[in-house]
Undergrad: 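Below you'll find the structure I mean.
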Protein chains: 2
Amino acid sequence: MTGTPPDGRPVRNLTLREQVLQHLREEILSSRLEPGAELNEVALATSLGVSRGPIREALGRLAAEGLVTITPRRGAIVTKLTKQEFIDAYQVREALESLATRVAVPRLTDEDRAELHRMSDDMRRCAEADDATAFFEINRRFHDKLVAASGNRRLFELHEQLLGQMGRLLQKSAQLRGGLGESAAAHERILEAVDAGDAERAAQLMAEHIEVPQRVLDAPEALDLFDEADPSSEIEKAS
Amino acid sequence: MTGTPPDGRPVRNLTLREQVLQHLREEILSSRLEPGAELNEVALATSLGVSRGPIREALGRLAAEGLVTITPRRGAIVTKLTKQEFIDAYQVREALESLATRVAVPRLTDEDRAELHRMSDDMRRCAEADDATAFFEINRRFHDKLVAASGNRRLFELHEQLLGQMGRLLQKSAQLRGGLGESAAAHERILEAVDAGDAERAAQLMAEHIEVPQRVLDAPEALDLFDEADPSSEIEKAS
DNA sequence: ATGGTGCTAACTGTCAACAATTGACAGCGA
DNA sequence: TCGCTGTCAATTGTTGACAGTTAGCACCAT
């Protein structure tokens with residue numbers, strides 16, 4: 001009986017496809033591979049020491065997840081959202097997190113609430129220290145925590161996927177929200193409603209909180225986080 | 001200059017993977033392949049006259065879409081939602097369609113509204129004729145129409161994917177909603193708010209409309225649309 | 001110069017064969 | 001009878017080779 005090692009699952013017998021998938025996903029999410037980067041199959045294959053089969057399968061999955069954009073017979077690149085796509089995603093995010101908040105509030109334990117407060121306090125500190133990087137990391141955990149607390153697994157997965165697709169743009173766009181302080185305040189207001197057990201109000205506040213950068217993005221093309229070039233062209237991307 | 005044929009895209013030069021993907025997706029969505037059905041790679045390959053490569057890639061994509069469940073060295077089956085997963089999906093659907101309605105209302109043209117009314121009337125007729133099949137088809141188009149009218153492409157895709165996963169269960173569960181008449185009435189109430197240009201109210205009504213079967217599903221395990229057997233087991237399903 | 005044309009190299013799409021794993025079953029022993 | 005063990009057929013995982021397509025470039029004609 002050589003029991004399971006300190007691993008999560010039975011015996012850590014990962015398929016090559018799974019390893020490649022995991023690797024590439026991490027590379028993209030961490031922005032080591034930036035949007036628009038070309039993903040050459042043979043280059044990846046030799047680089048990772050596997051054949052093209054597992055690479056292709058992993059790329060296909062990532063395409064279905066939206067992290068990669070495949071154009072048949074041309075190749076794959078790291079997905080680059082247009083401004084419109086980013087706005088669309090933001091809108092969906094608002095709905096998902098609002099739902100999550102509404103569902104999560106009555107389910108939160110005291111420990112959950114305590115942790116949320118801790119994160120909120122940390123964010124406040126980061127805002128005052130003007131440490132944007134740390135702020136965003138905690139911010140992400142704060143939102144993730146609420147979504148997870150909803151107990152809705154599908155919701156959690158969709159949310160994770162959506163935020164993954166939005167990537168770095170999330171941080172860049174959030175910076176024109178009116179400063180970290182305003183954002184920290186929004187979280188505090190949300191937590192107030194959460195503590196009061198007012199799920200509906202918390203959900204509403206969350207929706208408004210997320211809605212802010214949307215409005216900023218909508219009107220002024222001042223920010224060129226996007227380099228729209230060809231509004232034409234047919235791509236696969238998923239379906 | 002042999003121009004593009006009456007095709008939608010450049011020259012209709014579909015990849016085998018795409019053809020297989022399309023075929024399998026259709027088979028699943030139409031329930032010709034029912035949940036739990038095993039998807040043997042060699043069987044599919046010989047059946048479709050291609051090698052296993054494209055089959056595997058298509059199955060991988062379908063797994064990422066949630067239509068197929070792959071367990072790493074075991075094989076693929078058509079995804080079978082548990083009761084909890086179905087309830088979760090229903091909850092997400094509520095949020096998505098509520099958002100879609102809120103966004104769509106101010107964007108609707110007169111033609112859009114006319115078509116919605118037409119569908120609503122048709123549903124009313126089907127309800128009175130007790131034609132559930134036709135009712136559900138129109139119902140689906142009604143909801144799709146609203147989501148499409150939101151102009152949010154990501155929202156549309158997620159919605160389509162979600163409803164695809166829910167599959168036949170949607171119809172079965174909707175039948176214990178209180179009859180087709182009640183459902184038709186709900187659509188009529190929504191359209192009232194739509195006509196009045198009251199997006200917020202329409203969104204709220206839509207949320208309530210979708211919420212109904214959720215409550216029915218939640219409490220009584222009376223309906224055994226699901227055959228839960230092993231609440232354990234580790235599966236891949238997507239991530 | 002300039003616009004079109006035909007090569008060419010690089011890349012993706014597909015296939016068939018090989019390797020590894022799994023689940024089932026027969027057979028053995030208690 | 002029951003449980004264990006070893007073998008086997010079936011199925012998935014992976015590979016390397018081949019075929020087809022694409023994009024870029026040099027070249028030629030105008």
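The basis for the numbers below is simple: all heavy atoms, side chains too, and nothing from hydrogens, waters or symmetry mates. Every value quoted in this text rests on a predicted model; they were computed, and no experiment measured them. Protein chains get the first letters and strands the later ones, always in sequence-line order, with residue 1 at the start of each.
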Undergrad: Decide, yes or no, whether a salt bridge links A/Glu137 with A/Arg141 under the criterion of side-chain N to carboxylate O below 4.0 Å.
TA: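 Answer for the salt bridge query: yes.
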
Undergrad: Who passes side-chain hydrogen bond (donor to acceptor under 3.5 Å, both in side chains) against B/Asp88, sequence neighbours left out?
TA: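 Counting only residues at least two positions away or on another chain, B/Asp88 forms a side-chain hydrogen bond (donor to acceptor under 3.5 Å, both in side chains) with B/Gln84.
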
Undergrad: Please list, chain by chain and in numerical order, all residues satisfying side-chain hydrogen bond (donor to acceptor under 3.5 Å, both in side chains) with A/Arg73, sequence neighbours excluded.
TA: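 Scan of A/Arg73 (side-chain hydrogen bond (donor to acceptor under 3.5 Å, both in side chains), adjacent residues dropped) gives none.
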
Undergrad: Listed by chain and number, what are the salt bridge (charged side-chain N to carboxylate O under 4.0 Å, His left out) partners of B/Arg168, not counting sequence neighbours?
TA: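 B/Arg168 satisfies salt bridge (charged side-chain N to carboxylate O under 4.0 Å, His left out) with no other residue.
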
Undergrad: What pairs meet the ring pair (Phe, Tyr, Trp, His ring centres under 6.0 Å) rule with one or both residues in residues 35-87 of chain A, with sequence neighbours excluded?
TA: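 For residues 35-87 of chain A: A/Phe86-A/Tyr90, A/Phe86-A/Phe226.
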
Undergrad: Any base atoms under 4.0 Å from A/Leu59, or only sugar-phosphate, or nothing? Heavy atoms, all strands.
TA: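 No contact.
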
Undergrad: Please give, in whole Å, the distance from C/dG13 P to B/Arg61 CZ?
TA: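 To the nearest whole Å, that distance equals 10 Å.
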
Undergrad: Test of understanding: with side-chain hydrogen bond (donor to acceptor under 3.5 Å, both in side chains), list the residues that count as partners of A/Arg52, not counting sequence neighbours.
TA: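 A/Arg52 satisfies side-chain hydrogen bond (donor to acceptor under 3.5 Å, both in side chains) with A/Glu41 once adjacent residues are dropped.
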
Undergrad: Determine which pairs satisfy ring pair (Phe, Tyr, Trp, His ring centres under 6.0 Å) with at least one residue from residues 150-175 of chain A, sequence neighbours left out, and list them in order.
TA: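 For residues 150-175 of chain A: none.
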
Undergrad: Taking atom P of D/dT12 as reference, at what distance in whole Å does atom CD of A/Glu57 sit?
TA: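 Value for this atom pair: 12 Å.
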
Undergrad: Which of residues 46-56 of chain A have a heavy atom under 4.0 Å from DNA chain C?
TA: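 Listed by number, they are A/Arg52, A/Arg56.
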
Undergrad: Can you check the A/Arg17 CZ to D/dT15 P distance for me, whole Å?
TA: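 Whole-Å distance recorded here is 13 Å.
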
Undergrad: Mind checking side-chain hydrogen bond (donor to acceptor under 3.5 Å, both in side chains) for B/Asp131 and listing every partner two or more places apart, or none if nothing turns up?
TA: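 side-chain hydrogen bond (donor to acceptor under 3.5 Å, both in side chains) list for B/Asp131, sorted by chain: empty.
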
Undergrad: Do nucleotides 6-11 of chain D as a string where each nucleotide becomes B, S or -: B if the base has a protein heavy atom under 4.0 Å, S if just the sugar-phosphate does, - if no protein is that close.
TA: -----S

Undergrad: Rounded to the Å, how far apart are B/Glu18 CD and C/dT12 C1'?
TA: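 Those two atoms, CD and C1', are 12 Å apart.
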
Undergrad: Calculate the interatomic distance between B/Asn13 atom CG and D/dA19 atom P; express it in whole Å.
TA: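 Rounded to whole Å, this separation is 18 Å.
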
Undergrad: Rounded to the nearest Å, what distance is computed from the CD1 atom of residue A/Ile77 to the P atom of nucleotide C/dT12?
TA: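 The answer, rounded to whole Å, is 13 Å.
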
